[in-house]
Amino acid sequence: MDCNELVDGLLRNEALVSLFPTDATGHPAIYQVLSPQAEMFPRVAVFETTRAYTAWADDAPIQERSEYRLDLYARENVLREINSALHAALRGLGFRRLSQVQDDYLPDEGIYVKSVSYEYYDDMEE
């Protein structure tokens with residue numbers, strides 16, 4: 001699974017998507033890497049941080065592990081609700097949570113933030 005597939009999977013989750021505003025084209029604020037709308041909140045940015053083969057057979061990879069960091073941003077403290085919905089959506093896609101940091105507030109920007117990390121194992125087809 002790559003970042004595009006992960007974002008597409010999140011966008012198919014109606015419970016999660018309902019928590020985000022949409023831009024002029026109707027796209028919910030769930031993005032790969034950066035948001036094109038600097039003032040759209042809340043939003044999620046998805047980053048791939050690691051990709052490696054984890055299992056081999058006959059000198060060919062048969063399993064790949066990917067790790068993703070998802071950053072949540074909001075103007076109001078709604079991170080708990082978004083994090084819960086995000087966790088349910090990712091578990092439904094086969095992800096396992098690796099870590100999460102405590103909620104933070106950036107007073108100069110007036111933004112609440114949270115980062116969570118997940119991993120995904122993909123069995124490769126021959």
Side-chain angles (χ1 to χ4, degrees):
M1 180 171 297
D2 63 24
C3 258
N4 285 331
E5 293 170 310
L6 171 52
V7 170
D8 289 345
L10 294 176
L11 291 171
R12 286 190 298 271
N13 186 296
E14 292 179 23
L16 178 64
V17 168
S18 71
L19 299 174
F20 296 98
T22 57
D23 63 18
T25 66
H27 188 279
I30 300 173
Y31 303 103
Q32 180 180 343
V33 185
L34 298 175
S35 165
Q37 305 291 325
E39 287 303 313
M40 189 178 301
F41 293 98
R43 68 176 179 247
V44 173
V46 179
F47 304 87
E48 182 178 314
T49 58
T50 303
R51 179 173 296 273
Y53 297 126
T54 56
W56 302 79
D58 298 327
D59 293 327
I62 60 170
Q63 188 179 62
E64 184 175 53
R65 177 186 175 272
S66 9
E67 187 174 316
Y68 299 90
R69 187 185 85 232
L70 294 91
D71 294 341
L72 292 72
Y73 305 95
R75 290 277 185 210
E76 298 174 355
N77 193 3
V78 294
L79 296 178
R80 184 171 189 258
E81 179 182 7
I82 293 171
N83 187 43
S84 294
L86 183 64
H87 180 64
L90 287 165
R91 283 184 53 100
L93 292 171
F95 284 79
R96 186 176 75 90
R97 183 168 44 208
L98 293 174
S99 66
Q100 64 179 351
V101 299
Q102 69 183 25
D103 298 1
D104 199 4
Y105 181 71
L106 307 175
D108 291 343
E109 290 84 16
I111 299 173
Y112 292 90
V113 297
K114 181 179 198 74
S115 288
V116 295
S117 293
Y118 285 81
E119 69 180 351
Y120 182 82
Y121 286 88
D122 195 10
D123 292 328
M124 302 172 68
E125 298 178 22
E126 296 184 42

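These numbers come from a predicted model, not from an experiment.
Residues V46 and L19 are members of one and the same hydrophobic cluster, defined by side-chain heavy-atom contacts under 4.5 angstrom among Ile, Leu, Val, Met, Phe, Trp and Tyr. At a threshold of 4.5 Å between side-chain heavy atoms, the hydrophobic network of Ile, Leu, Val, Met, Phe, Trp and Tyr places V44 and L98 in two separate groups. Placement of V7 and L70 within a single hydrophobic cluster is found when ILVMFWY residues are connected by side-chain heavy-atom separations under 4.5 Å, directly or transitively. L93 and I82 fall within the same hydrophobic cluster, defined by Ile, Leu, Val, Met, Phe, Trp and Tyr side-chain heavy atoms under 4.5 Å apart, directly or through other members. Taking hydrophobic clusters as Ile, Leu, Val, Met, Phe, Trp and Tyr residues chained together by side-chain heavy-atom distances below 4.5 Å, L90 shares a cluster with L11.
Side-chain contact between L86 and L10 is present, with heavy atoms from C-beta onward closer than 4.5 Å. Proximity of F41 to P21: side-chain heavy atoms (C-beta onward) are nowhere separated by under 4.5 Å. Counting heavy atoms from C-beta outward, D2 and S66 have side chains that stay 4.5 Å or more apart.
Between A74 and P42 the shortest heavy-atom distance is CB-CB, 3.9 Å.
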Task: Step-by-step side chain to side chain contact (heavy atoms under 4.5 Å, CB included) determination, Y112 to L72 - done: CA-CA 8 Å; Y112 292 90; L72 292 72; over 6 Å; no
TODO: Might you work through the side chain to side chain contact (heavy atoms under 4.5 Å, CB included) test for I30 and R43, ending with a clear yes or no?
DONE: CA-CA 6 Å; I30 300 173; R43 68 176 179 247; over 6 Å; no
Open item on the list: Between D23 and M40, does the side chain to side chain contact (heavy atoms under 4.5 Å, CB included) criterion hold? Intermediate values first, please.
Closed with: CA-CA 8 Å; D23 63 18; M40 189 178 301; 3.3 Å; yes
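Judged purely by atom type and a 3.5 angstrom limit, D71 has no side-chain atom pairing as donor or acceptor with the backbone of A45. Although no hydrogens or angles enter the test, the distance criterion places a donor-acceptor pair under 3.5 Å between the side chain of K114 and the main chain of V101. No side-chain donor-acceptor contact under 3.5 Å links S117 to the backbone of S99.
Every residue two or more places apart in sequence or in another chain was checked for a side-chain hydrogen bond (donor to acceptor under 3.5 Å, both in side chains) with T22, and none qualifies.
We find the CZ-CZ distance between R65 and R96 to be 8.0 Å, quoted to the nearest 0.5 Å. Taking OH of Y105 as the reference point, atom CG of D108 lies at 9.0 Å (rounded to 0.5 Å). Distance OG1/T49 to CZ/R69: 7.5 Å, rounded to 0.5 Å. The CZ atom of F95 sits 4.5 Å away from atom CG of L6, with the distance rounded to the nearest 0.5 Å. Here the OH-CE distance, from Y121 to M1, works out to 14.5 Å after rounding to the nearest 0.5 Å. L79 CG to Y73 OH: the interatomic distance, rounded to the nearest 0.5 Å, is 11.0 Å.
Within the structure, side-chain hydrogen bond (donor to acceptor under 3.5 Å, both in side chains) pairs that include any residue of residues 3-17 do not occur (at least two apart or interchain). Legend: side-chain hydrogen bond (donor to acceptor under 3.5 Å, both in side chains) pairs involving residues 82-93, not counting sequence neighbours, sorted by first then second residue: N83-Q100, H87-Y118.
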